Structures are given as structure tokens and as C-alpha cells.
Peer 1: 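Sharing a structure below in C-alpha cells format, with a few things to ask.
Small disclaimer: the values here were computed from a predicted structure and weren't measured. The figures here come from the full heavy-atom set of this structure, side chains too, leaving out hydrogens, waters and symmetry mates. Letters A, B, ... are given to chains in the order of the sequence lines, protein chains preceding strands, and every chain is numbered from 1.
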Protein chains: 2
Amino acid sequence: MSANKPKEPELNRASLLAAASLEFASRGFQGARLEVIAREAKITRAMVYYYFGGREGLYLAALEEVYRHIRTSERAIDLDGLGPVDAMRKLTCFRIDYYVENPLMVALLAIENQHKAEYLKNSQEISARAGISLEPLESTLRQGQAAGVFRPGIDVVELHQVMVSLGMFNVSNQHTFGAVFSRALCSPEQLVRTREMACEVVLGFLAPQASPL
Amino acid sequence: MSANKPKEPELNRASLLAAASLEFASRGFQGARLEVIAREAKITRAMVYYYFGGREGLYLAALEEVYRHIRTSERAIDLDGLGPVDAMRKLTCFRIDYYVENPLMVALLAIENQHKAEYLKNSQEISARAGISLEPLESTLRQGQAAGVFRPGIDVVELHQVMVSLGMFNVSNQHTFGAVFSRALCSPEQLVRTREMACEVVLGFLAPQASPL
DNA sequence: GTCTATATATGGATAGAC
DNA sequence: GTCTATCCATATATAGAC
């Protein structure tokens, strides 16, 4: 007869990882209980050590997973046939939507920042791939500038920062903001408005006309 | 002879609160150790129970404290004699600067959102005072619209959302963003740029000219 | 108002069987 | 590859002295 459980290393590893993302995201690095993660994955705590070496390895694996996911999603954006303004709108809406649809990434980044990004800094995997995401944004920006619809002198990292700030805050602070202003930021109706607001913000920032003085 | 320590209730209570803000902010609600807080405050753990009733009471007191502080700071902004554009700039810069100077508030809000704002929702003190902060922003917006320098159809909560998103992200995600893009968001030099960027974003959003299509 | 001491609980990490 | 059992560290919460 075989062992107690069917031996499904890949499946069990994946279950642990999924449970870990949730538990770390909702209770923090220290607050997360390996016991809870193991129970949720329908496996024993010992397996956390067997597969990931412990709390830190598990956390790092979860963090790498969310970064891998957003990189893949970004690469899949299709801007073919769009003019610079429409392409910029699409990039903006992507970012608003992505964080709403992937709140776990937002939560894990909050945890990671709580720890001053010490784990991310130690991850070869993540750092190595960091730069790639700005290429579509940068080429869209250049096209628009060449066409005269965007103004010159824009730092592409700052432009990215504007988009990420709006998209991230919309999810990361939805509960406190919602409580204070009685507004459910991530409801479908509000999401439509936020998407449009973000496009207006980005296009206003890039508009060639100087701000009125 | 008197007791072991000089009896300084107000001072000790304040020390506990200060230590608690730091510990909660850096380790989360569950991760925070009452032992560490007590040690930092140079007092014993038993006092946490005596003054605040336990972990939750202490956390709630810390949260109320940061909200009280930002409300006070907002009320102190002086817009007298400024036109709507300059007033809007000042409000924008205030928000960028405030979060940089008060990273503990940013961290505590992140924790609170991790818990879906359940403690904030139970705080009479905080909820009651929630609305007041938008008054100067709203009147500046109306003045600018009346003068024709801002476009109509702006939701004041959304305008606030833009400012807070930029200011908050700048601090809350400084470490991950900095690691990925090799940019120290909160350095003095970058802060100057971010302040200017935020003003351009806000004024671009409010500018009467439609975005170029 | 503050301390010390302690009862109690919880969970991390590892060893060893199958 | 997975489980059970256990050792050990740590922290909470309270009781009681001063």
C-alpha cells in the first residue's frame, strides 16, 4: 500500500502557495500562521518546511508569484492599430482594472513595503525582470509626442507613477476611504467612473497646452 | 515611601501610545508585540491593560491619534489671499508633504485597510469628523470654476482622491517602487519633482480645455 | 499607578515513522 | 512525499503585592 496521501507534489506545492498568498495578504508577514496556511491547503505544517524551507521562503515565493503574474499580463496588452491617445487610455484602464482584479498583489505589496522591501531586494528573480514593464508606455509616449498630442519633457517613470498611484490607492485604501467618504471605490459603478477619471488625469497631465495661469 | 516608579499617568499613557504607533505600523496588528511596546515605553505590559484594555484598545487609540493629527493640520492651512490656482497648488503640495512627514499615518492606514477598516468603522470619534476635510478644497474648486480657470463637472471627492492617491502612494509604496525603478521617492530632490508633478496632474485634470482627441 | 510572578495558550521547528 | 509527535520558545492576560 502507498503512503497516507496520494503523492501530488506539484499540486500540494501550489495549494500551499495559494493559501500562503491569502494568509500573508490578510494578516501580514508576522501575523500569518503557518498552521492556518497548512490547514487551508489540506496538508500539514511540516510540508511548508519541506517545500519552502519555512515562513520566509514561502512568503518570497508568494511575492515572486504576484510579480510574475503582472509581468505576464502586461506583456499581453495589445496596442496594435491604436493611436497614441487611445493607446494611453488603454494602458491607463489596464492598470486601474488589474489591481481591482488582483487585490492580493496590492495587499502583498503593502506587506512588502511594511518591511521596506527587504525580501524583494533579495530576490534575484524579481529584480532581474523589473525594467520591462515601461516599454509599451514609453513608446506610446514618444509616438504621442512626435504627433504633437503629448507635450515634451515627460519622465516616463513619473508617468507610470501617476497611473500606478491611482490604480493602487483605489484598491489599497478602499476601506478607509470608503468609510470616511461613504463611497465604495471598487463597486462596478464607481469603477467605471474611476477609469474615466484616471484617463482624464493622465491625458490632462500629458496635454500640450500649458496649465492655465 | 512612594511606589516603584514616579506616578506619571499622562506621560506613561502617551509613551505607550507613541510606542504602539511605531510597533503597529512596522509589524501589523497581529504582528505587534505588546511586550515590545511596553519595553519601548519603559513601562510594563500590565499597563497596556490598565490604560487601554488590551491590544485592540491600544491600536484604536493610535489610529484615532493619527486621524486627529491630520485633521488639525488640515485646518491650519492658510489660503488667504491666494487665487484658485495657487490655492489648489498649495493644497496639492500640502498633501504630498504631509504623508512624507507622517509616514506612521500612512503605515497605520495600510494596516487598517488590511483589516477592511473594521476598527475605524467602530470608532465614533473618527467617523464623526470624517467630512470636514473637503471644505477648503471644495470652495477653491468652486472659486476656480466661477473664474473660468477650472472646468465644470468635477466631483470634489474624486479630486481629493487624485491628490491622496499621489501623496499616499509616494510614501506607502516607496520601497517596492524604489527597488524596481531605482528611484528614492522620498529623497529631498525627488520630493521636489513629485510635488511639481502632482501640481501638473491636478491642474491638468482641472484645466478647462478638453483633452486632445 | 506600577511592578512581579505566574497560569495558560499558541505555534514554530524538527525528528522519526511509514 | 507525507504524517504524527514532541520539544521549546514566546507572549498574552491576570492576580496580587506595594
Peer 1: Measure CD1/A/Ile37 against P/C/dG12 and give the value in whole Å, please.
Peer 2: 8 Å
Peer 1: Can you list every salt bridge (Lys or Arg N to Asp or Glu O under 4.0 Å) pair that touches residues 9-20 of chain A, not counting sequence neighbours?
Peer 2: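 Residue pairs passing salt bridge (Lys or Arg N to Asp or Glu O under 4.0 Å), neighbours aside: none found.
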Peer 1: May I have the distance from A/Phe29 (atom CZ) to C/dG11 (atom P), rounded to whole angstrom?
Peer 2: 16 Å
Peer 1: Check for a donor-acceptor pair, side chain of A/Gln174 on one end and backbone N or O of A/Val171 on the other, with a separation under 3.5 Å.
Peer 2: yes
Peer 1: Is it true that the side chains of B/Ser123 and B/Glu64 contain a donor and an acceptor less than 3.5 Å apart?
Peer 2: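 Checked: B/Ser123/B/Glu64 side chains pair up, N/O donor to acceptor below 3.5 Å.
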Peer 1: Are B/Phe169 and B/Phe177 an aromatic pair by the rule of ring centers under 6.0 Å?
Peer 2: yes
Peer 1: Examine B/His69 together with B/Tyr98 and report whether their ring centres are nearer than 6.0 Å.
Peer 2: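 Centroid separation for B/His69 and B/Tyr98: below 6.0 Å.
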Peer 1: Between the side chains of B/Tyr99 and B/Arg95, does any donor sit under 3.5 Å from an acceptor?
Peer 2: yes
Peer 1: Please state how far atom CD in A/Gln30 lies from atom P in D/dA9, giving the value in whole angstrom units.
Peer 2: 19 Å
Peer 1: Give a yes/no answer on whether the side chain of A/Tyr51 brings an N or O atom under 4.0 Å of OP1 or OP2 in D/dT2.
Peer 2: yes
Peer 1: What is the separation between atom CZ on B/Arg13 and atom P on C/dT2, rounded to the nearest whole Å?
Peer 2: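 For the pair B/Arg13 CZ and C/dT2 P, the rounded distance is 12 Å.
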Peer 1: Can you identify which nucleotide, out of C/dG1, C/dG12, D/dA11, has its nearest atom closest to the B/Pro9 side chain?
Peer 2: C/dG1
Peer 1: To the nearest angstrom, how far is A/Arg39 atom CZ from C/dG11 atom P?
Peer 2: 8 Å
Peer 1: Show me the protein contacts with nucleotides 7-9 of chain C, counting only N or O atoms at under 3.5 Å.
Peer 2:
none

Peer 1: Hey, what's the ring geometry for B/Phe24 with B/Phe29, parallel, tilted or perpendicular (30° and 60° as the breaks)?
Peer 2: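 Plane angle under 30°, so parallel.
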Peer 1: Any chance the rings of B/Phe205 and A/Phe205 have centres within less than 6.0 Å?
Peer 2: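 No: the rings miss the under 6.0 Å criterion.
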Peer 1: Without decimals, in angstroms, what is the distance between A/Arg33 CZ and C/dG11 P?
Peer 2: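 Spelled out: CZ on A/Arg33 to P on C/dG11 is 6 Å.
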Peer 1: Please report, rounded to the nearest Å, how far the P atom of C/dG12 is from the CD atom of A/Glu56.
Peer 2: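 For the pair A/Glu56 CD and C/dG12 P, the rounded distance is 15 Å.
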Peer 1: For the backbone of B/Val156 and the side chain of B/Glu138, can you confirm whether one donor and one acceptor N or O come within less than 3.5 Å of each other?
Peer 2: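 No, the answer is negative, given that no donor and acceptor are paired below the 3.5 Å cut-off.
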Peer 1: Looking at A/Asn12, does any N or O in its side chain come under 4.0 Å of the phosphate oxygens OP1/OP2 on D/dT2?
Peer 2: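 True: A/Asn12 side-chain N/O within range (under 4.0 Å) of D/dT2 OP1/OP2.
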Peer 1: Please enumerate all protein N or O atoms sitting under 3.5 Å from an N or O of nucleotides 13-15 of chain D, with distances to 0.1 Å.
Peer 2:
residue	atom	partner	partner atom	Å
D/dA13	OP2	B/Tyr49	OH	2.4
D/dA13	O5'	B/Tyr49	OH	3.3

Peer 1: When the distance from OH of B/Tyr50 to C1' of C/dT2 is rounded to whole Å, what number comes out?
Peer 2: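 These atoms are roughly 9 Å apart.
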Peer 1: Hey, does the side chain of B/Thr44 come within less than 4.0 Å of C/dC3's phosphate (OP1/OP2), counting only N and O?
Peer 2: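 Affirmative; the distance criterion is met.
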